[in-house]
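One structure is given here, and the rest of the page talks about it.
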2 protein chains.
Amino acid sequence: MDSQQKNLHSSEMPAVCRVCDARHGGVCATLTPAQLFELNRHSTRRKVDAGNELIGQGESVSHYSNILSGVIKLSKMMADGRQQIVGLQFAPDFLGRPHLCESTMTAEAATETEICSFPRSLIERMANETPGLERKLHTQSLKELDEAREWMLTLGRKTAQEKVASFLYMIATHIDPDHGEQNTFDLPLSRADIADFLGLTIETVSRQMTKLRKDGVILVENNRHVTVPCLDRLSAAAGND
Amino acid sequence: MDSQQKNLHSSEMPAVCRVCDARHGGVCATLTPAQLFELNRHSTRRKVDAGNELIGQGESVSHYSNILSGVIKLSKMMADGRQQIVGLQFAPDFLGRPHLCESTMTAEAATETEICSFPRSLIERMANETPGLERKLHTQSLKELDEAREWMLTLGRKTAQEKVASFLYMIATHIDPDHGEQNTFDLPLSRADIADFLGLTIETVSRQMTKLRKDGVILVENNRHVTVPCLDRLSAAAGND
DNA sequence: TTCCCAATTTGATCGACGTCAAAGTTCTCG
DNA sequence: CGAGAACTTTGACGTCGATCAAATTGGGAA
């Protein structure tokens, strides 16, 4: 019975959604098949190359998106060009600030990214009709708030060494490892982006990476590929006790 | 008819709620009279002196609160004692992290504060039953997220001078001014708290306050009382263009 | 492969902010 | 009103991370 229900369920679902990761953990997980069909009718999937801007600071927002793969960086810029990355978003996060039409930041693809976009108004309406969706969006906002506050501690009180280690630790625990054994991954951000995230300069980031490497806390190949032999040592370098 | 409805409404409301500020703008504004009665039956109002801790980092949370007056500071502390204030909350904000039972920070009264507390479970249940309440909590989370990200920019990229000016500007625009004419107010935080908020030391905060005073951007009496003759000049000193 | 350009690293120097110390101010409470 | 404590300001000096400059590495195109 249960399996029959499931089959019925999946056959009622748009084909693209059936194989889409956002069904698991993303906002779509809260929608009924009928809603999925409606959303699907107005949604577009696309690939975005690294470095491309999705939303500009101060622009009005007409679309929200699900992140299907890749990493998005959210950043704020001052009039004189100083920049600060204020958040990173990974699949299957929801991209967009509910209940507000003008963006207060820039959203840019940090890596090659795949997104599924739909009209703002449609999501707003569905959120009103579907408590589960509103709740899901709320939950993600709270997660982002927790992360933002964690970074406030990092930005305000940690040393350059601890900042870089904290960043690596966050990436190591957010990216699915290539192997189960050792923790190894590609950095989704350039040194310049890491600097903008940590409130440092490129040079300082580089020096601290070198130091962590010489101390044996991390291994680095080709600048972007990092291996963490012992996550606890990295955590300690990050100042987490 | 409308006024009759209103009278009926207010007569059905708990007496304490009728004169309570949280009815305007607070979460209670979304509740029905019946819900207000139920909430009221399980709620306690109390005064908290400046410096008293409401929730400790790592503690499990059994109660949420409305802030009726005063200022609450939310802070995180590292194992070695370094501290960062990650948020300030003013009346009629809601105090508590929905959908999570363990607090990741300390909540402490910055000034004398009046709060109205109720059991966590009751709010969670009402949020499930009342889309408007869930929505209201969501809205506040988003506001806090916007503020947190604004502060990430301040912490990561602004100079000490700009940080102090940004703080004063934020307070000036959040506190109701004593007079309509000039912008004058009491600082809700000590120099030590301001330092913990801005990721600076007490001495640096003091020096920057002195500089802003000598530059005529602010007037200071008795350390705590500040007057801002021209809000635009303060805004400029804060680096907002 | 080889060249070229961008990204990263490394080095030398500087300055903003932290640290340490002491003096001054404001608040509290008897 | 006065004494003591807590908070704030001011000064001298040190340090971490920024700045400026140059060398090195890596990746993509011909």
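Sequence lines set the chain letters: A, B, ... in the order given, protein chains first and strands last, and positions in each chain run from 1.
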Check against side-chain contact (heavy atoms from CB on, under 4.5 Å), B/Arg46 and B/Glu114: CA-CA 6 Å; B/Arg46 63 188 170 107; B/Glu114 209 178 350; over 6 Å; no
Closest to side chain of A/Ala160, choosing from D/dT9, C/dC17, D/dG17: D/dG17
Derivation of the side-chain contact (heavy atoms from CB on, under 4.5 Å) call for B/Ile115 and B/Asn66: CA-CA 6 Å; B/Ile115 62 174; B/Asn66 273 328; over 6 Å; no
Near-strand residues of residues 195-209 of chain B, defined as heavy-atom separation under 4.0 angstrom from DNA chain C: B/Gly199, B/Leu200, B/Thr201, B/Glu203, B/Thr204, B/Arg207
Whole-Å gap separating C1' (C/dT8) and CG (A/Asp193): 14 Å
Distance (rounded to the nearest 0.5 Å) between B/Lys73 NZ and B/Glu108 CD: 3.5 Å
Length of the line joining A/Asp186:CG and D/dG26:P, which is rounded to integer Å: 15 Å
Rounded distance (Å) that lies between atom C1' of D/dT25 and atom NE2 of A/His225: 18 Å
Euclidean distance, atom CG of residue A/Leu155 to atom P of D/dG17 [Å, nearest integer]: 13 Å
Distance below 4.0 Å between A/Thr210 side-chain N/O and C/dT10 OP1 or OP2: yes
Positive for side chain to side chain contact (heavy atoms under 4.5 Å, CB included) with A/Val205, one of A/Glu203, A/Met209, A/Arg207: A/Met209
Note: B/Arg149-A/Glu144 ion pair, threshold 4.0 Å (strictly below): yes
Side chain B/Arg120, main chain B/Leu100, donor-acceptor under 3.5 Å: yes
Sole residue of B/Thr106, B/Leu88, B/Leu95 in side chain to side chain contact (heavy atoms under 4.5 Å, CB included) with B/Leu74: B/Leu95
Atom-to-atom span, NZ of A/Lys158 to P of D/dG17 - whole angstrom: 14 Å
When you compare the protein's N or O atoms with those of nucleotides 22-26 of chain C, which come within less than 3.5 Å of each other, and at what distance?
none

Axis bend over the full length of the helix from C/dT1-D/dA30 to C/dG30-D/dC1, computed from five pairs that close each end, to 10 degrees: 50°
Step-by-step side-chain contact (heavy atoms from CB on, under 4.5 Å) determination, B/Leu187 to B/Phe167: CA-CA 10 Å; B/Leu187 288 177; B/Phe167 171 75; 4.1 Å; yes
Aromatic contact, B/His42 with B/Phe118 (centres under 6.0 Å): no
Candidate pair B/Tyr64 and B/Phe94, rule ring pair (Phe, Tyr, Trp, His ring centres under 6.0 Å), full reasoning: CA-CA 8 Å; B/Tyr64 291 150; B/Phe94 175 84; 5.2 Å; yes
